[in-house]
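The chains referred to below are lettered A, B, ... by the order of the sequence lines, with proteins before strands, and numbering in each begins at 1.
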Amino acid sequence: MPLVAAPLVVLLRSGRAGWLIAAGVSVASLAGALALAARVRAEGVLSYALGSWQPPYGIEYRIDAVNAFVLVLVGLVAAVVVPFGRPAVAAEVAAERRYLFYAMLCLALAGLNGIAITGDAFNLFVFLEISSLSSYVLIALGRDRRALVASFQYLIMGTIGATFIVIGVGLLYLQTGTLNMADIAARLEAPGAARATLAALAFLTVGICLKLALFPLHMWLPNAYTYAPSVVTAFLAATATKVSVYVLLRFWFTIFGANLVFERLPMPDIFLALSVLAMFVASGIAVYQRNLKRMLAYSSVGQIGYMTLGISLDNVPGLTGSVVHLFNHGVTKGAMFLFAGAIAMAAGTVDLDRLGGLAKRMPLTCAGLVIGGFSLIGVPATAGFVTKWYLVLAGLEKGSLLLAALPAASSLVAIAYVWRFVEAAYMREAHPDLAGVKEGFAAPLVGGWILIAICLYVGIDSTWTVEAARRAAAQLLFGAPQ
Amino acid sequence: MSLPGHFTYWITVFLMVAGLYIVIARGNLVKKLVGLSVFQTSVYLLYIGPGKLIGGTAPIIAPGYSVYSNPLPHVLILTAIVVGVATLALGLAIVVRIREAYGTIEEDEILRADAHAPQRGGA
């Protein structure tokens, strides 16, 4: 549906109509995702043969507990960010380009939904490129000229990543003669992994890790997030990397099987090491950033570490933690980038040195950012706590106190960078530049607070998200939700 | 496992690595894109090569046609070519804008320009 909407927006050539359509489409995709999730819960795996070609010959859309969850996340973030982001877009994108902006947003949404929904490996690549190409354009629309360079960097890295994924898919296809994910999995089950299977696994893993910005393949992310228009950052930060994590889960667990990935290869160790490095190093870099958006971007790289950590532990609490963190972090970071955008619009800067005393000027925005920060740290009663809780449980189940202590320890680093904002906004003398600054436009604020409210709600009453994530984890590990 | 028997694979791997090397080693943005294209093209070969049988024709059900090439890789690669063209076009468009903004398309000069530029606040 967003795919149909995009050319429509271009044809209308009007920013207002574009916004209306984009907002309508994103709300509709949330509704669709929720309806699908409810049906998956009730009926199990859904399958839809595109163009009535029966799988494995035709392209199949296949929805189970895992991608229903991802679809809801993407729909939710889009439905909040797009309708409430209008003033931010108006402030940051030139009027004559605004309709193109919304068209690209629709395309990105379509691509992300497509990645999540498809059951066909090559189709996944096509949707991946749809969403990537549109996000390069979105990033390049930033006001700063450095946005162009960031976008170009992302284009190079993203294309290399995507090409690696195609190579991986190609090798799988050469071996099995099929592109349907479930079918590939069934045919690969023959004992004794061939070299080509391992090569395919390697290509796919590296390609996907480029896309999900796993440390040390994250170089494109901070620049892209810093210089993109804030609506784009909020949308992409909350969805794009999360969908890539989903792709990784899908390939590892559904296609290659946990047996191959985790028992015969040193994958869990490698991922464990990289995740822990991401958690500490990227968060450590975040502490030293002066630019608020860049700080949040590095914190994203760190938070991705939590997701891959949970994956590498390969047990139900760990995967539950990972999947639930997709949602928790998506919601939290979406909100924080919206607030950062609101600050950029009102104060004209997101440089921490020049934001002294901001809390007096923009109390609501700052309070929201702080609560989001609490969630990044993992303070109880925020969404982040739930994730940490499950990761610690997963570490304990592995019988390692060290693994259990790591997520807790990395919270300390998170405290450091969140504190830098708190210190600047609340403790410091008002910066002279901020004299006339008031709370900005209401809309991004409302959007941000809706996401923060969700973040608090799932922090306090996590039954819904955790239940859904646990079903997804069981689906991945055992092939059926339990 | 003879060398000539794996001819297409050798070509593919050579193009792949050469393309990737250009992307990494060249500072000129247009050359980077060229490398990226070479890299992507190698993947087309990876798909097409094994799908082709010597003497194979398009899969037509008619007397006289008995050996078919596998049509599916061709279809897939047609899609991949479209994606590649779109990527290249977008990349070149961004290079044009970078040139407008910076007056150069050499990576190191751009980085230098940014390092000297006054830190503009905001997005």
| task | Nearest 0.5 Å please: distance from the OG1 atom of A:T159 over to the NZ atom of B:K32. | result | 12.0 Å

| task | Nearest 0.5 Å please: distance from the CD1 atom of A:I167 over to the CE atom of B:M16. | result | 3.5 Å

| message | Heavy-atom cut-off 4.5 Å, strictly under: side chain, backbone, both or neither for B:L36 against chain A? | response | side chain

| message | Using heavy-atom distances under 4.5 Å, tell me whether B:L20 contacts chain A through its side chain, its backbone, both, or neither. | response | side chain

| message | I'd like to verify something: which residue of B:I94, B:L76, B:V23, B:V82 has the highest number of heavy-atom pairs under 4.5 Å with chain A? | response | B:L76

| message | Measuring from atom CG of A:L133 to atom OG1 of B:T87, what distance do you get when rounded to the nearest 0.5 angstrom? | response | 4.5 Å

| Does the side chain of B:L33 come within less than 4.5 Å of A:F152's, by heavy atoms? | yes

| field | CG on B:L90 to OG on A:S134, rounded to 0.5 Å | value | 9.5 Å

| query | Which class fits the ring pair A:Y173 and B:Y47: parallel under 30°, tilted 30 to 60°, perpendicular over 60°? | reply | parallel

| task | Name the region of A:V126, side chain, backbone, both or neither, that has any atom closer than 4.5 Å to a heavy atom of chain B. | result | side chain

| Hey, which of B:V95, B:V43, B:I110, B:T79 has the most heavy atom pairs under 4.5 Å with chain A? | B:V43

| Tell me, side chain or backbone of B:I98 under 4.5 Å from chain A's heavy atoms, or both, or neither? | both

